[in-house]
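Down below is the structure, laid out as structure tokens.
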Amino acid sequence: MPTSAKKRYLVTAALPYANGPLHIGHLAGAYLPADVYVRYQRLMGREILFVCGSDEHGAAITMRARKEGVSPREIVDKYHVLIRDTFQKLGVAFDIYHRTSEPLHHQTSQDIFRKLLEKGQFEERETEQYYDEAAGQFLADRYILGTCPVCGNADAYGDQCEKCGTSLSPDQLLQPRSALSGATPVKRPTTHWYFKLNEHEAWLREWINTGRLEGKQLHDPATWKAHVVGQCNSWLEQGLQPRAMTRDLDWGVDVPPEIPHSEGKKLYVWLDAPIGYISATKQWAADHRDNWERFWKSDETALIHFIGKDNIVFHCLIFPAILGAHGEFILPVNVPANQFLNLEGAKLSTSRNWAVWVHEYLEELPGREDDLRYNLIKNMPEQRDSEFTWKGLQETTNTELVGNLGGFIQRVFVLVHKNYGGLVPQANPEQTFRSGWNAEQETTIDRELFALAKKLEAMGAEVERFQFRDALRVLMEISSAGNALLQFNEPWKATLERTEEVRAVLFTAIQYAVALSAAMRPFLPFAAERLRTQLNLPPFEDSGELVALINDLLEGNAVLWPNHPINLPEHLFARLPDEVIEAQIQKLRTAQPPAQTDPPAPSPAAEYPPVKETISYEVFAQLDLRVATIVGAEKIEKADKLLRLTVDLGFETRTIVAGIAQHYPPEAVVGRQVVVVANLAPRKMRGIESQGMVLMAEDAQGRLSFVRPDEGWPVGFGVR
RNA sequence: GGCGCGGUAGCUCAGCUGGUCAGAGCGUAUGAUUCAUAAUCAUAAGGUCGGGAGUUCAAGCCUCCCCCGCGCUACCA
């Protein structure tokens, strides 16, 4: 079923995590496409609700709060306000920007949890988890620090090492310690609720790939993006596993207290976050005396999730499974996830501060919201990763916005003022002139307006297909045709015998300007509003203006009538000067990690890892380090990082598996002298027993180098 | 290593189920124009559609192999 057949729309945009500001990647990934889509549908007179809000739970926020010595509440309050205001300033027009720390959201999440429990969707599992005896609580993965087994970073988290990006489990950390007390955690049994995702695999597969569920056609899979379906099938092929939906945490939504063993348990943030869409809808409905259920529980609603590609699995498999398991909710008709935006040739990186922060942009380039929106939409990563450059922003602003679009509007206004004192001229409908769409073609006003309407429809069709770049291109084609219309007919040569022709041309041109004001609205809301004011038309209400306009044009009717007074010309856009661009490029190149009080995401790793806890000589002396020679090396099958080394210790030869394959090819290490830990407990990796460990030096980039004695040093003796 | 998505003109990117699919915008060149923020309009470039093999009357678009980028995943003592 095409989404346009639905009665109403519910659009969600990924909930921003409230522990850092927004960057342009967030905008290009989820918020701008959602905003364009929503604004367009409103202009087409469709009922559409656009919900979003701050995701305010999870261990990353409590961790950050601890680090900054404030409460989690202070963190989320700060970023909630910053992010909300950033969206507002950029013109992202949510109907509601809610937050998951609201009581309403807690209730909603708990109700859904209860329902799932009632329907037997959970299994309780007891597992061993790290427990901090000093602090008297279980430790979430994020709360366990230790040395990364991959890169040696002493401050890796239990779920991930942020230095090398490796995903970890707490058990993999060397020397685990509690982030709360610093104590060495101990294992204790704890109970958690696992959602039986595996039981939903079959219908999810069918639903994703065919759009059918229980015989009903819910969506057309051909309209889903290839990378979205691909990623889902990739997961489905590997088999879905039950997933823990609770955590031992002290910040988040409580597991409903009446449930046995619920004490100290919170809902997993990934469960409660998408439920935030529902609670935001509820809040909106409460504020507007409306019924939220008609958005979430009606087949006549088209639910669309706008997200970045990192969220695909959750929005296409796990959350739908939860909605399906619950039984009362509709499923999304599409999840038009975008890929990633790169910046000046490199991936965005919050820890390296390689980003353009939206709130800073708004401050440093005031009045240029639309410039950014335009460039990001034009370069939106719809099918693959794409790229933002400052030069590119300057180019699109100066050539396309200022030159083409702004230039056209300026020309029309100046000419109408020069010729007719600022009043829309009266034109003869029979008068012919050259078409803006084809210089060879003689045309009349109604035919020109019909062609214009067709273009507006074409633009809308692209928006419906989530092809926002193409939609923007069509918009610019209208502006170009307007310029061509003027160029071909030269209304500035208003000689006496051409009076009627010039009137018809400028009358048509001003209709173009009106059409553009509406067509621009989804993409360039601020400029659209300014143009509206210049045209001396009432402000946008974002309800059906575009569809009304298209209908008029299709019938050859004008949308601005003779003698309507327009205001004096005023530049719609401003050129972006070189200095501004250079300054931003400089800023990026010299970017320092942000101050501790206002950093993005997780705080950057210190240049040098901190010195570890002092140990006694006795502990040190337990290490048996030996000089050895690598006598053989080969790549291990199916492992990117591993080499199987044969090392000669003099008194014996051992096999050691080392994670150095990405730093040294096998042939380059044979013959090298190294230092090995000779008394490390053997460990199997990829089925091969590793009998020790080779010492490696590491630099700030994570590169590795052998630690070795002078050339030709005898092997087998100790290191001290 | 497995899986997924990409690799198309100098740049940024479109190309739906194989047969006007070899394209758009920007940049560049030439010409036109001067109402307009050194704005606009017209025309042009000739890119072996990552490489190789195959299927087909016909392949960027299908199959196989290889190379590169990104993501997920495994591995990492």
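What's counted below: heavy atoms across the whole structure, side chains too, no hydrogens, waters or symmetry copies. Below, read A as the first sequence line, B as the second, and so on, with proteins coming before strands; counting in each chain starts at 1.
Of the nucleotides present, B:rU63 is the one that pairs with B:rA53 by Watson-Crick or G-U wobble criteria, both distances under 3.5 Å. Pairing for B:rA22 is absent, judged as Watson-Crick or G-U wobble with the two contacts each under 3.5 Å. Across every strand in view, B:rG1 sits in a pair with B:rU73 that passes the Watson-Crick or G-U test at under 3.5 angstrom.
Proximity of A:Arg384 to the phosphate of B:rU8: a side-chain N or O atom is located under 4.0 Å from OP1 or OP2. For the pair A:Arg575 and B:rA39, the criterion of a side-chain N or O lying under 4.0 Å from OP1 or OP2 is met.
If you check every strand for non-hydrogen atoms under 4.0 Å, A:Phe488 touches sugar and phosphate atoms only. A:Val414 comes within contact range of the sugar-phosphate backbone alone, with a heavy-atom separation under 4.0 Å but no base atom that close. Among the heavy atoms of the strands, none lies under 4.0 Å from A:Gly406. Residue A:Ser386 is in sugar-phosphate contact alone, with no base atom involved, counting any heavy-atom pair closer than 4.0 Å across all strands shown.
Shown here are the side-chain hydrogen bond (donor to acceptor under 3.5 Å, both in side chains) partners of A:Arg205, two or more places apart in sequence or in another chain: A:Glu201. Checked against side-chain contact (heavy atoms from CB on, under 4.5 Å), A:Glu570 has the following partners two or more places apart in sequence or in another chain: A:Gln534.
Cation-pi contact between A:Lys347 and A:Phe340: absent, since separation from the ring centre below 6.0 Å together with deviation from the ring axis within 45° is not met.
A donor-acceptor pair under 3.5 Å links the side-chain atoms of A:Ser517 to the main chain of A:Val514, judged by distance alone. Judged by distance alone, the side chain of A:Arg498 and the main-chain N or O of A:Asn489 form a donor-acceptor pair under 3.5 Å.
Comparing the P positions of B:rA59 and B:rG19 gives a spacing of 11 Å, expressed to the nearest Å.
No hydrogens or angles considered: a donor-acceptor pair under 3.5 Å links the side chains of A:Asn404 and A:Ser480.
Two rings, from A:Tyr37 and A:Phe306, have their centers less than 6.0 Å apart.
Distance A:Ile510 CD1 to B:rC35 P: 19 Å, rounded to the nearest Å.
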Give every pair of a protein N or O atom and an N or O atom of nucleotides 67-71 of chain B that lie under 3.5 Å apart, one pair per line with the distance.
from   : atom 1 : to       : atom 2 : distance (Å)
B:rC70 : O2'    : A:Lys309 : NZ     : 3.1
B:rC70 : O2'    : A:Asp385 : OD2    : 2.9
B:rG71 : OP1    : A:Lys347 : NZ     : 2.8

